[in-house]
Amino acid sequence: GRQLLQPHSQFEVASISKQFTAVSILMLSEEGLLDLDDSVKRFFPDFPYSGVSIRHLLCHRSGLPDYLEFAPEYFQGEGYMNNRDLMEMMVEHQPVPEFPPDTRFSYSNTGYAVLASIVEKVSGQSFVDFVNRRIFEPLQMSDTYFYAEGCRVAVNYTIGHYKNRKPYIRDALSGVVGDKGVMTTAADLYRWFFHIRSLIGDSTLQQAWSPQNGDMDSCSNYGFGWRLSCDEHQRRLVYHGGLWNGYNSLLLYRPYDHVFMVFLSNWVN
């Protein structure tokens with residue numbers, strides 16, 4: 001039967017999850033535990049791609065190959081693959097990169113999965129535990145968790161659907177986090193957005209909301225975990241969408257009048 005939506009209904013927000021990854025990295029940067037210009041090789045010496053920095057990962061200039069394309073070929077395990085599987089897969093098989101690092105912008109799920117692995121290496125915790133303890137719990141986001149946690153039962157979990165109205169069946173890639181994987185509610189996303197400044201400093205947040213790709217138009221750009229655009233009056237818009245597993249979501253912030261909007265759907269047309 002049909003589910004009636006209510007305030008605690010949980011949606012998988014797909015790439016909106018990248019905001020939590022970016023802020024996790026920025027928190028560790030503010031604490032002096034990493035530098036945005038550190039190479040990935042500082043944390044993973046066997047990483048087969050030279051010259052890729054944390055900054056390149058954050059603003060999608062790494063050129064790393066798309067794991068959504070190569071992982072199904074290489075993953076041999078049962079159930080869901082995780083970030084450790086992905087890192088080992090890249091070391092072993094060394095899929096061909098799209099381009100040399102910092103050559104241009106190319107939206108990269110792989111890059112944000114690697115960022116989550118860096119958070120794990122620096123913090124000594126799983127990425128899920130780090131985000132739960134440092135973001136979700138302090139902000140009292142009690143309806144928010146990672147799908148990859150598995151053991152937790154989501155009482156108010158909505159099921160993602162496609163236009164044929166059939167529930168979406170997840171594949172093995174659903175266990176990788178950093179680029180996706182967060183389930184949450186509209187209320188918790190409001191709580192997150194209006195309390196980001198309790199997690200990172202205002203100057204750091206403004207950096208995350210500023211164009212980081214100097215070779216692109218400022219009205220079509222990417223910061224750290226946020227997309228950047230402009231309205232018809234050339235006023236800055238800060239936003240991010242998500243599309244995965246039969247869910248379609250969007251966050252949009254208008255800095256000029258401080259309006260913040262959340263759109264969550266469990267049906268993809």
Side-chain angles (χ1 to χ4, degrees), residues 11-30 34 36-37 53-62 64 102 104-116 118-119 127 131 134-136 139 141 144 177-182 184 186 188-231 233-244 247-264:
F11 295 78
E12 194 166 348
V13 294
S15 286
I16 288 174
S17 307
K18 290 179 172 70
Q19 296 177 17
F20 304 112
T21 309
V23 168
S24 296
I25 288 285
L26 295 172
M27 291 166 74
L28 293 171
S29 174
E30 287 190 341
L34 56 79
L36 298 189
D37 293 313
S53 71
I54 291 175
R55 189 183 302 275
H56 297 148
L57 300 175
L58 284 169
C59 63
H60 299 286
R61 298 183 70 83
S62 69
L64 292 178
D102 204 24
R104 60 182 174 87
F105 171 90
S106 180
Y107 187 81
S108 174
N109 288 297
T110 308
Y112 269 74
V114 173
L115 287 171
I118 291 173
V119 171
F127 182 71
V131 176
R134 297 292 304 272
I135 298 178
F136 297 161
L139 300 190
M141 297 170 65
T144 303
V177 293
D179 59 322
K180 61 182 182 337
V182 171
T184 189
D188 272 7
L189 287 172
Y190 274 95
R191 200 170 281 114
W192 148 252
F193 183 80
F194 288 108
H195 291 89
I196 295 176
R197 287 178 176 83
S198 69
L199 303 174
I200 57 174
D202 186 65
S203 62
T204 302
L205 179 60
Q206 293 307 317
Q207 190 179 14
W209 288 351
S210 297
Q212 296 296 323
N213 292 272
D215 53 348
M216 296 168 63
D217 190 290
S218 63
C219 285
S220 179
N221 216 300
Y222 202 97
F224 298 150
W226 289 88
R227 289 184 180 272
L228 306 170
S229 185
C230 298
D231 67 9
H233 303 294
Q234 298 298 299
R235 295 177 296 195
R236 173 69 52 82
L237 300 174
V238 182
Y239 74 102
H240 214 293
L243 188 66
W244 177 254
Y247 296 86
N248 196 355
S249 51
L250 176 69
L251 299 189
L252 175 67
Y253 174 56
R254 301 193 312 216
Y256 60 86
D257 63 359
H258 304 293
V259 168
F260 176 64
M261 290 173 274
V262 176
F263 303 89
L264 301 176

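All values derive from a computational prediction rather than experimental measurement.
- With values rounded to the nearest 0.5 angstrom, R134 atom CZ is found 8.5 Å from L199 atom CG.
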Take T144 and D188, measure what side-chain hydrogen bond (donor to acceptor under 3.5 Å, both in side chains) needs, and give me the verdict at the end. CA-CA 7 Å; T144 303; D188 272 7; 2.6 Å; yes
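- Between L57 and I118, some side-chain heavy-atom pair lies under the 4.5 Å cut-off.
- Side-chain atoms of Y112 and S17 include no donor-acceptor pair closer than 3.5 Å.
- When all heavy atoms of R191 and L139 are compared, the pair lying nearest together is CD-O, 2.7 Å.
- Paired with Y253 under the rule ring pair (Phe, Tyr, Trp, His ring centres under 6.0 Å), one option of W226, Y239, F193 passes, and it is F193.
- The side-chain heavy atoms of L36 and I25, taken from C-beta on, include a pair separated by under 4.5 Å.
- Side-chain atoms of R61 and D215, non-hydrogen and from C-beta on, do get closer than 4.5 Å to each other.
- Taking the side chain as every heavy atom from C-beta outward, Y190 and H195 never approach each other to under 4.5 Å.
- In the model, Y222 has no side-chain atom that pairs as donor or acceptor with a side-chain atom of K18 under 3.5 Å.
- From L264, atom CG reaches atom CD1 of I16 across 6.5 Å, with rounding to the nearest 0.5 Å.
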Could you give me the CA-CA distance, side-chain angles and deciding distance for Q212 and L58, then say whether side-chain contact (heavy atoms from CB on, under 4.5 Å) is met? CA-CA 9 Å; Q212 296 296 323; L58 284 169; over 6 Å; no
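- The minimum heavy-atom distance between D231 and L237, with the atom names listed, is N-CD1, 3.7 Å.
- Of the inter-residue distances, the one linking T21 atom OG1 with F127 atom CZ reads 3.5 Å to the nearest 0.5 angstrom.
- Residue L251 is tested with Q19, M261, R227 for a side chain to side chain contact (heavy atoms under 4.5 Å, CB included); the sole match is Q19.
- For the pair E30 and I200, the minimum side-chain heavy-atom distance is below 4.5 Å.
- Ring-plane geometry between F20 and F136 is classed as perpendicular, the angle between the planes exceeding 60 degrees on a 0 to 90 degree scale with a lower cut at 30.
- Considering only heavy atoms from C-beta on, V238 stays 4.5 Å or farther from R254 through its side chain.
- Heavy atoms only, all atoms of each residue included: P211 and L228 are closest at N-CD1, 3.2 Å.
- Nearest heavy-atom pair, A14 versus W244, reported as atom, atom and distance to 0.1 Å: CB-CB, 3.5 Å.
- The two residues S108 and G111 have their closest heavy-atom pair at OG-N, 2.9 Å.
- The shortest non-hydrogen separation linking R236 to S210 is NH1-CA, 4.4 Å.
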